[in-house]
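Just so you know, these numbers come straight off a predicted model, no measurement behind them.
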Amino acid sequence: MQRDDDLRYFYGRAQLELNRAQRATDPAASKAHYRLADCYLAQGSDRCLTDHHGR
């Protein structure tokens, strides 16, 4: 059951970040929100993009 709760949480957070990315007016902010969304989605498959700093 814990895994299902975790997946719902990560999916919800990803949705929030996608919404923020679409509303962002700064391209860098939009890109950061998309990267966060990707990492939240990846948590369900135990993969997260590695270090995004400076990219």
Test log, rule salt bridge (Lys or Arg N to Asp or Glu O under 4.0 Å), inputs Asp5 and Arg8: CA-CA 5 Å; Asp5 291 340; Arg8 277 192 290 277; 2.6 Å; yes
Shortest non-hydrogen separation from Ala21 to Ser30 and the atoms involved: O-OG, 3.0 Å
Spacing of CZ belonging to Arg23 relative to CG belonging to Leu18, to within rounding of 0.5 Å: 11.0 Å
Residue pair Phe10 / Tyr40: nearest heavy atoms and the distance that separates them: CB-O, 3.2 Å
Working for side-chain contact (heavy atoms from CB on, under 4.5 Å), residues Tyr34 and Arg20: CA-CA 8 Å; Tyr34 279 121; Arg20 289 177 175 172; over 6 Å; no
Leu36: which of Lys31, Glu17, Arg13 passes side-chain contact (heavy atoms from CB on, under 4.5 Å): Glu17
